[in-house]
> 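For reference, the structure I am asking about is given below.
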There are 2 protein chains.
Amino acid sequence: MTSYIKIPQNLKPADPQGSEILAVERAKAVFNVKDLTLFIYGEEFLDIMHRVLPLLENDPIFDKSELYYMGRTELFKKALACEKRLAVLTKEYKWGSKEVQLASWLIDIPGPFNVHKSMFIPTLESQGTKEQREKFMIPAKNFEIIGCYAQTELGHGSNVQGLETTATYIPETKEFEIHSPTLTASKWWVGNLGAAANHAVVMARLVTNGKDYGPHPFIVPIRDVKTHKPLPGITVGDVGPKFGFNSVDNGFVLFDHVRIPHLNMLANFAKVEPNTGNYIKPPNDKLSYGTMVLVRTKILLGARYTLARAATIAIRYSVVRRQSVDQENPTKLPDGRIIETAVIDYTMQQYRLFPVVAMSYAFSFTADELMRLYEENQEKTYKGDFSLMADLHATSSGLKALSTSVAADAIEDCRRSCGGHGFSSFSGFTHFYQNFLPNVTWEGDNYILTQQTARYLFKNYRQLLDSKDSDSRPSNPTIAYIQQYMRNPNQVCPAIEASDFNNPEIQLTAFAHRAAYLIANAVDQIDKHNRTWNSMLVEIYNISRAHCQYILVRNFIAALQTTNPNNGDTTRQKQLKSNPSLRTVLVTVCNLFALSTMEKEVGEFMMSGYLTSQQATLLKAQVLALLVELRPNILSLVDAFYIPDFLLHSALGRADGRVYETMLEWAVKEPLNSVRIDNNIYSSRFLIEGQDDSTLRPKL
Amino acid sequence: MTSYIKIPQNLKPADPQGSEILAVERAKAVFNVKDLTLFIYGEEFLDIMHRVLPLLENDPIFDKSELYYMGRTELFKKALACEKRLAVLTKEYKWGSKEVQLASWLIDIPGPFNVHKSMFIPTLESQGTKEQREKFMIPAKNFEIIGCYAQTELGHGSNVQGLETTATYIPETKEFEIHSPTLTASKWWVGNLGAAANHAVVMARLVTNGKDYGPHPFIVPIRDVKTHKPLPGITVGDVGPKFGFNSVDNGFVLFDHVRIPHLNMLANFAKVEPNTGNYIKPPNDKLSYGTMVLVRTKILLGARYTLARAATIAIRYSVVRRQSVDQENPTKLPDGRIIETAVIDYTMQQYRLFPVVAMSYAFSFTADELMRLYEENQEKTYKGDFSLMADLHATSSGLKALSTSVAADAIEDCRRSCGGHGFSSFSGFTHFYQNFLPNVTWEGDNYILTQQTARYLFKNYRQLLDSKDSDSRPSNPTIAYIQQYMRNPNQVCPAIEASDFNNPEIQLTAFAHRAAYLIANAVDQIDKHNRTWNSMLVEIYNISRAHCQYILVRNFIAALQTTNPNNGDTTRQKQLKSNPSLRTVLVTVCNLFALSTMEKEVGEFMMSGYLTSQQATLLKAQVLALLVELRPNILSLVDAFYIPDFLLHSALGRADGRVYETMLEWAVKEPLNSVRIDNNIYSSRFLIEGQDDSTLRPKL
């Protein structure tokens, strides 16, 4: 559609122009942006980016200029076209998983082959036997079979043990009968099932020889691979519109006594003996914890990118946008005229946004460390060494919960910090915020996950209480901080001046002391005061948060150390040593992360006895001092995230600062502006003609 | 469109059924729901509801069954049809403003005559001369003129003084020339300007005899009233898609030397002498503060209804929804089978949701009190008595900011507390949450507004500091609490046991002490330590919040008093006296509001010296105790909000508990389910055919 609107070509925004402002700001940074980008991502990431991005930018299929005007059906069609094109490019350029992952991130429209690639094929790989992999994997990789993963039911989410769908074994015909006994048994929310999938991995209660063995995975054909019509006994469809993720066809399915062959139960772990129907138990299932750790680490990584994206838009627009004159410190043009003050120069805006930038960095270093530990753990578990697993599982659960909750809130606050224009889709926020939100619920609801973290921490604390020698060498860093607290539960903060809070020792001790204090108190309540687990859920949530914040602070501080106590220097340590200005700015970012986090929960730090009221006041003062310190570098700190305009797709966050020109250009394209509107549809005739329905239903 | 999906008719949800569960829950309440509804709203509201609701429910124009599937253009058409029908009904039934307001709330689709009715006509009324009212008001009320209110510009929001659009007086022709000198001068976000309006009140800088007198209101014709085409020199259109409010046509307009007659400057206050062009100053403008107070009070009222709506959905669904078995306290069916525990019985869910219910009640009583004060103030100002104005203006500004920020966060948390289904549009949350969000920005950005509140509080504190006799009788309640603090800044909380925190004296003193402590410290920083206003913005924000939370607690406690110290009993006091069970439950709600609010900001209460660490621990324990106390009444407390299913339009929040049946019924209607999908669009041919664009663009 073409708009009837012609914008006067001679107009430009009031001075100074966005591009000039950003240039001036960029010159203020005391460090080199490229060095920081390299420090964050490493060379491989940048190499892939430079290969993949131009291909996407120049391909009309991935063009985003219509994205924000699309209704659901159009969005789904767009997503499908992108999925197909991505598959073609993957084949043509022989992309590996890293390239595909980066491309999907840049394309930014989750699509109908999403779960097929991220869940269906990996499940076949890990849970299928050789015979099953041969039968299903090759057609799946060629998109002849399109699969999904059907676990959640209409009435059952996080508690997998409560699923109702059954898979009853019939030894006579060597078949399983998949059945939905109730309405609440309907599979629900299944990604790609709504329209695209023709097969599903269905989690159903295995019933054999009259006994219920709980949920197991089965491959169930859903739609005819030729006609795409639902197969007999199957009721399938899309679950309807959502808060976000509308480019994806989340679906539902009900089974009415649907038979599948014995081969279709994924049998790499548990299995059913075909002739007798006897159930054969799976071996040690600890390996599956590794997969959960990986998924949760990837979610933390996703939260990092998403936060960085939100911070980039909000910071850039706050630099360009001006509002009111700060009378005590007015901004002047070169000709002496007073102009409105840049929004970034208001303390409140800094207080809202700079900690988000710091948080993106904090998530980054912890995600890297978690990924490293995941790989170390995988190597160990293949050798039968499960010593890292419990700690890693507990921490990654808590971090998934903390990072996604905090990120979701921070994105929304970044959006609101952009004033009225933050409400426009052109801000670039609404699309990715709405797509990010499911992260707080899926892969373990954030509130439920914290119970896993706390359970592990309580176990450690109780073991230390029981052990005769609580001073023995700690077997992992979690135990180490709890031990430290047990040795000195009355430790107090030595800070006398505000700047003392920049001391990483004080920061680390504060977070460790508060987490251990909360753990010790909770265990005391449960073990000595008969508190039920349910009655402790609030404390449990706070404990998981306290533990994970300690981890985030610890990993940030560790990432900025210039010497490695054990081995030789890492690449990062070499970069820091050769580049002191880089380290200086990152230390400030680290301080802001630690102290602004501490300030938000200052009550707990005071209740733990570590901080006094006076020190809490100093802490607040130090947070404000750090904002001033970071101010000259803040634009370059988000530039270093290296998020291309192609991904941002934001009028407010453009790298070139052409904010207002873009708002207008994009507004003109609004479909309502391409319709000739006749006055008849508004005319007052409806008041006279009253009940006549034909005049009440407007025609555009 | 009709769906191809047929749901098996024999299936029902797993037992127990939603309707049975709700019936059992409703029987638990210790008070009468109807009595509470009457206590909250009074008889007039209920009378209007019973007249208006059935008319809307039975009118096909207001039918909402397609609402959640609509794209932007369809939504706009729907909104327009509803607006017209509402105008017809208003005329037919001779509705007054209360009926129209309630009907608009129930229809719940903001439309293209919205601003015409709420801003354009009232502005003509208050700012137009008799001649102007005669010329414009009659056609406006007949929808012959459709107006809007154009203040905000592309580059200028909260700071009205920074607007760029000019209105230059030309005495030769007795005209004003309206002009947009830059791109950033484009009017933006103007409700109803995108498509519907043919006139606008434009705020433009009045320039006459070479002097700039700042922004003044002008009536500018935008589109031809017959053809609806933009008039010469005018570039007008819709600003495009938004996070919400997409049924409204927010627009932009640029003026290229557009002439309007002298009559079109709204001249009830300031005016321009037609022959000389001399500017005549407005009289005292304090009256306009009254309008701001009213608008902000209405926003607080809106926040109350919206919170109540969110709480209703979340509580009802939490009662019906079950998840996992609480092993220490399992739920059993009558036949002894253990079933999953209702989500409402998990402490964490109570901790998230019950304070939201309490907050809805708190907002309700403060909104009522503010409305009463507004009316008292209006009467006084007409008599030249401005004694209430400053306090009322400061408090209503802060309350607008606090209530909308807190409500927006609480709605989103209610949505997330519904697990996966909270993400579905059928939850009923997404539509109204997205429409509520602009409240945090418009009518004064929430962060900027707090400066007005703090400025007033600082002024009061400084006056008390300067006055010789700081013990003199306080002239208003704000001064009273600051005075109390000045007399005893080292006051400490007397609570020894957790239940002591139920004492309203302790609650009130805690909130007053903390607010006054923050005020005293901030003034000290500014006056004695040379802190700039800008550097104090974080403290200022906290002070406004502390003051407003004190007001909310005070008004809640006052509303539950059974005796009136001065006059005879009010209607509410009679209701409370005759109905002790009603008062008992409301006192618990009040306690939960006060203590859960205190707990969230516990750091400030400790820093003010009022609470010790030990008392903070008791406070937390008391919050948990109150959750247990409220549990049996919680469903009835939301039922009492009396929000009809017609408004909720929520599968999760239905009054009859038919959650899962509705989810499925509505899913079937999803437009994607009415399209025959051919396997060709997914088939793997695209991998072979590669670059062929025609196969990459799917046809549905």
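These numbers come from the heavy atoms of this one structure, side chains and all, not from hydrogens, waters or symmetry mates. Nothing here was measured: the structure is a model prediction, and the numbers come from that model. Just so it is clear: chains get the letters A, B, ... in the order the sequence lines come, proteins before strands, and each one is counted from 1.
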> Residues two or more places apart in sequence or in another chain: which of them pass salt bridge (charged side-chain N to carboxylate O under 4.0 Å, His left out) with Glu604(B)?
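Partners of Glu604(B) by the salt bridge (charged side-chain N to carboxylate O under 4.0 Å, His left out) criterion, ordered by chain and then number, come out as Arg514(B), Arg545(B).
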> Where does Val623(A) contact chain B at under 4.5 Å (heavy atoms): side chain, backbone, both or neither?
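When you check distances to chain B, no heavy atom of Val623(A) falls under 4.5 Å.
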> Side chains of Pro13(B) and Leu183(A): closer than 4.5 Å at any heavy-atom pair?
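Sidechains of Leu183(A) and Pro13(B): in contact.
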> Once rounded to the nearest 0.5 Å, what's the spacing between atom OG1 of Thr184(B) and atom CZ of Arg322(A)?
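These two atoms lie 11.5 Å from each other.
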> Among Val602(A), Leu437(A), Ile448(A), Val440(A), who wins on heavy-atom pairs under 4.5 Å with chain B?
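Top option by heavy-atom pairs under 4.5 Å: Leu437(A).
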> Would you say the side chains of Glu340(A) and His156(B) form a donor-acceptor pair under 3.5 Å?
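Checked: Glu340(A)/His156(B) side chains pair up, N/O donor to acceptor below 3.5 Å.
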> Is it true that Lys6(A) and Asp256(B) make a salt bridge, defined as a side-chain N closer than 4.0 Å to a carboxylate O?
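Salt bridge flag = no for Asp256(B) with Lys6(A).
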> Please identify, among Met536(A), Gln614(A), Gln434(A), Arg321(A), the residue contributing the most non-hydrogen atom pairs under 4.5 Å to chain B.
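Option with the greatest count: Gln434(A).
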> Between Arg352(A), Met70(A), Glu661(A), which residue shows the highest count of heavy-atom pairs closer than 4.5 Å to chain B?
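That would be Arg352(A).
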> Measure the shortest side-chain to side-chain distance between Asn329(B) and Thr532(A) over non-hydrogen atoms and say whether it is less than 4.5 angstrom.
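With C-beta onward as the side chain, the pair stays apart.
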> Taking only residues two or more places apart in sequence or in another chain, which ones pass salt bridge (charged side-chain N to carboxylate O under 4.0 Å, His left out) with Lys12(A)?
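So Lys12(A) forms a salt bridge (charged side-chain N to carboxylate O under 4.0 Å, His left out) with Asp15(A).
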> Over all heavy atoms of both residues, which pair between Ser425(A) and Phe243(B) is shortest? Give the atoms and the distance, please.
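Closest heavy-atom pair between Ser425(A) and Phe243(B): OG-N, 4.3 Å.
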> Under 30°, 30 to 60°, or over 60°: which ring-plane class applies to Phe423(B) and Trp189(A), parallel, tilted or perpendicular?
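Tilted.
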> Ignoring hydrogens and angles, tell me if any N or O in the side chain of Asp238(A) forms a donor-acceptor pair with the backbone of Asn673(B) under 3.5 Å.
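Pair absent, no side-chain N/O of Asp238(A) close to backbone of Asn673(B).
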> Using heavy-atom distances under 4.5 Å, tell me whether Leu254(A) contacts chain B through its side chain, its backbone, both, or neither.
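Side chain of Leu254(A) only, per the 4.5 Å heavy-atom cut-off to chain B.
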> For Val239(A) versus Phe426(B), what's the shortest heavy-atom pair and its separation?
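Closest approach of Val239(A) to Phe426(B), heavy atoms only: O-CE1, 3.3 Å.
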> Could you report the tightest heavy-atom contact between Met663(B) and Trp188(A), atom names first, then the distance?
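Distance-wise, the nearest heavy atoms are O-CH2, 3.7 Å.
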> Decide yes or no on side chain to side chain contact (heavy atoms under 4.5 Å, CB included) for Arg72(B) and Leu672(A), but give the supporting numbers first.
CA-CA 9 Å; Arg72(B) 195 176 171 211; Leu672(A) 271 183; 3.7 Å; yes
> What pair of heavy atoms forms the shortest contact from Ser180(B) to Leu11(A), and how long is it?
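That would be O-CD2, 3.8 Å.
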> Please rank Asp326(A), Val325(A), Asp445(A), Ile540(A) by heavy-atom pairs under 4.5 Å with chain B and give me the top one.
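Top count of heavy-atom pairs under 4.5 Å with chain B: Asp326(A).
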> Check whether Glu328(B) reaches the backbone of Trp533(A) with its side chain - one donor and one acceptor, N or O, closer than 3.5 Å.
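Such a contact is found between Glu328(B) side chain and Trp533(A) backbone.
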> What part of Pro230(A) gets within 4.5 angstrom of chain B, counting heavy atoms only: side chain, backbone, both, or neither?
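Contact with chain B involves no heavy atom of Pro230(A) at all.
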> If you count heavy-atom pairs under 4.5 Å with chain B, which of Gly71(A), Pro438(A), Gly419(A), Gly157(A) comes out on top?
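Max contact count across the listed options: Pro438(A).
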> Please report the closest heavy-atom contact between Gly603(B) and Met606(A), naming both atoms and the distance.
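Closest pair (atom of Gly603(B), atom of Met606(A), distance): O-SD, 4.2 Å.
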> Give the minimum heavy-atom separation between Met348(A) and Leu537(B), together with the two atoms involved.
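Looking at all heavy atoms of both residues, the closest pair is SD-O, 3.6 Å.
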> Would you mind reporting whether Pro8(A) and Thr235(B) have side-chain heavy atoms less than 4.5 Å apart?
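Yes. Closest side-chain heavy atoms under 4.5 Å.
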> Rounded to the nearest 0.5 Å, how far does OH of Tyr682(A) lie from CD1 of Ile146(B)?
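The CD1 atom of Ile146(B) sits 7.5 Å away from the OH atom of Tyr682(A).
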> Is there a donor-acceptor contact under 3.5 Å from the side chain of His421(B) to the main chain of Gly155(A)?
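Answer holds: no.
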> Measure the OG-CE distance between Ser613(A) and Met607(B) for me, rounded to the nearest 0.5 Å.
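Result: 6.5 Å between the selected atoms.
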> Return the CG to OG1 distance between Asn534(B) and Thr347(A), rounded to the nearest 0.5 Å.
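So the CG of Asn534(B) and the OG1 of Thr347(A) are separated by 4.0 Å.
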> Side chain from CB out, backbone as N, CA, C, O: work out which of these in Tyr541(A) comes under 4.5 Å of a heavy atom of chain B, or both, or neither.
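When you check distances to chain B, only side chain atoms of Tyr541(A) fall under 4.5 Å.
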> Taking atom CD of Glu670(B) and atom NZ of Lys242(A), what is their separation to the nearest 0.5 Å?
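Between Glu670(B) CD and Lys242(A) NZ, I get 8.0 Å after rounding to 0.5 Å.
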> Nearest 0.5 Å, what's the OH-OG distance between Tyr447(A) and Ser417(B)?
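OG of Ser417(B) is found 9.0 Å from OH of Tyr447(A).
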